Amino acid sequence: MDPQVCLENATHCNGTSCLMPHDNFNEILSLVLSIVLTVMLAIVMFAMGCTVEASRLWAHVRRPWGIFVGFLCQFGIMPLTAFLLSLAFQVHPVQAIVIMIMGCCPGGSSSNIIAYWLDGDMDLSISMTACSTILAMGMMPLCLFIYTKMWTDNDIQIPYESIGITLVTLLIPVALGMYVKHRFPKKAKIILKTGSIVGVCLIVIIAIVGGVLYQSSWVIAPSLWIIGTIYPAIGFSLGFLLARIVGLPSYRARTVALETGFQNSQLCSTIVQLSFSLEELEMMFSFPLIYSIFQIFFAGVAVGGYQLYKRKCAKVQDCEKELPRVALGSKAGECNDGFVMDGTLMSIKNTAL
């Protein structure tokens with residue numbers, strides 16, 4: 001036994017072969033991250049709920065034109081785009097499957113946070129996230145069955161439990177936020193400002209800690225890097241374009257675009273871990289993280305550009321804004337021709353929004 005060959009913390013050495021103790025750092029970090037992120041997400045969704053009025057949320061459910069457009073984007077455009085990208089770049093079958101899984105996932109809660117910073121329709125954003133999560137229980141198996149047959153005959157496991165937890169994490173805090181907004185509107189403003197900042201921190205933490213946890217998976221085919229980079233940008237662009245084509249106003253089109261491009265990457269990672277062997281995971285596990293990072297990057301660029309636009313321009317060219325955003329002191333609402341702000345009072349100049 002050569003003492004210079006073995007490391008100090010090796011439990012057993014035989015020549016150049018050393019048995020190292022199990023390192024559970026990543027497991028502990030992953031558990032801590034899951035707990036912290038769940039709590040932070042609940043806080044953020046509670047704050048986002050403070051922007052929502054029950055009557056307007058119910059109006060979207062009763063006349064679900066925006067939700068329907070989002071449905072077409074979420075389970076029509078995104079899976080088809082994933083399929084075409086996989087064919088165009090001729091990726092390995094296992095890698096094509098993970099791209100398809102990502103494309104079939106419902107929208108993530110990060111879209112609600114970004115929608116707030118882009119002056120989107122928060123009622124529509126939250127209702128779309130909730131509806132896409134519910135519909136994913138049926139649409140994900142259907143889309144995966146249609147698109148993955150050319151690469152695999154194995155059934156892909158859908159973690160319905162995780163989808164249910166995601167739904168509960170979304171709906172309960174939002175409902176509490178709506179109650180606070182109704183009963184304590186002044187406190188709702190403070191909670192909203194705090195929650196929006198926490199939301200930004202949440203997105204940054206996901207990106208940084210994810211990179212630490214899965215740093216060994218970054219060495220992958222260049223094609224996956226390219227797809228992970230352009231795929232969210234395509235989703236955002238096509239979602240916005242389709243929403244404008246069907247006549248939705250720009251602030252709702254921004255909302256649909258975010259819901260289209262933002263996928264639930266945590267759900268994708270869970271499905272991948274449940275459905276594939278360790279050898280296959282080495283080829284595909286980093287893709288959800290890559291997609292997540294670039295969807296955050298493009299959303300951050302959009303937010304930065306939009307906020308700069310608001311600061312530099314005398315008025316925001318978005319005259320369709322609705323009352324709740326104005327009541328919360330939105331800069332876009334204050335510049336809106338449709339409303340005149342006078343302290344806490346508000347009068348409508350133009351009734352045709």
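These numbers come from a predicted model, not from an experiment. Here, residue 1 is the first one in the sequence, and each next residue gets the next number.
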Any side-chain heavy-atom pair from [X] and [Y] closer than 4.5 angstrom?
X	Y	value
Leu267	Met102	no
Cys104	Met139	no
Trp151	Ser86	yes
Trp65	Val246	yes
Pro106	Thr129	no
Met140	Cys105	yes
Gln307	Trp117	yes

Could you walk me through whether Thr133 and Asn264 pass the side chain to side chain contact (heavy atoms under 4.5 Å, CB included) check?
CA-CA 9 Å; Thr133 303; Asn264 192 330; 5.8 Å; no

Determine, using ring centers only, whether Phe236 and Phe240 are less than 6.0 Å apart.
no

Taking all atoms of both residues into account, what is the closest heavy-atom pair of [X] and [Y], and its distance?
X	Y	answer
Cys73	Thr260	CB-OG1, 3.1 Å
Val91	Ile227	CG1-CD1, 3.8 Å
Asp119	Tyr306	OD2-OH, 3.0 Å
Gly70	Val256	CA-CG1, 4.3 Å
Ser237	Ala233	OG-O, 2.8 Å

Would you check if the side chain of [X] reaches a backbone N or O of [Y] as a donor-acceptor pair within less than 3.5 Å?
X	Y	value
Thr255	Tyr251	yes
Tyr147	Ile101	no
Arg244	Leu248	yes
Arg254	Leu118	yes
Gln263	Gly107	no
Thr148	Leu144	yes

Assess whether side chain to side chain contact (heavy atoms under 4.5 Å, CB included) is satisfied between Val174 and Phe46, documenting all intermediate values.
CA-CA 5 Å; Val174 167; Phe46 171 63; over 6 Å; no

Checking Tyr231 against Met78 for the side chain to side chain contact (heavy atoms under 4.5 Å, CB included) test, could you report, in this order, the C-alpha distance in whole Å, the side-chain angles of both residues, the deciding distance, and whether it holds?
CA-CA 9 Å; Tyr231 190 15; Met78 292 303 281; 3.7 Å; yes

Check whether the side chains of Asn112 and Ser125 place a donor and an acceptor atom closer than 3.5 Å, and report yes or no.
yes

Do Ser132 and Gln74 get their side chains close enough for a donor-acceptor pair, meaning under 3.5 Å?
no

Phe294 and Trp225 aromatic ring geometry - parallel, tilted or perpendicular at 30°/60° bounds
perpendicular

When clusters are formed by joining ILVMFWY residues with side-chain heavy atoms under 4.5 Å apart, either directly or through shared neighbours, do [X] and [Y] land in the same one?
X	Y	answer
Ile190	Met122	no
Tyr179	Ile191	no
Val301	Phe298	yes
Leu84	Leu241	no

Determine, step by step, whether Gln95 and Phe287 satisfy the side chain to side chain contact (heavy atoms under 4.5 Å, CB included) criterion, reporting the C-alpha distance in whole Å, the side-chain angles of both residues, the deciding distance to 0.1 Å, and the verdict.
CA-CA 8 Å; Gln95 296 170 337; Phe287 181 77; over 6 Å; no

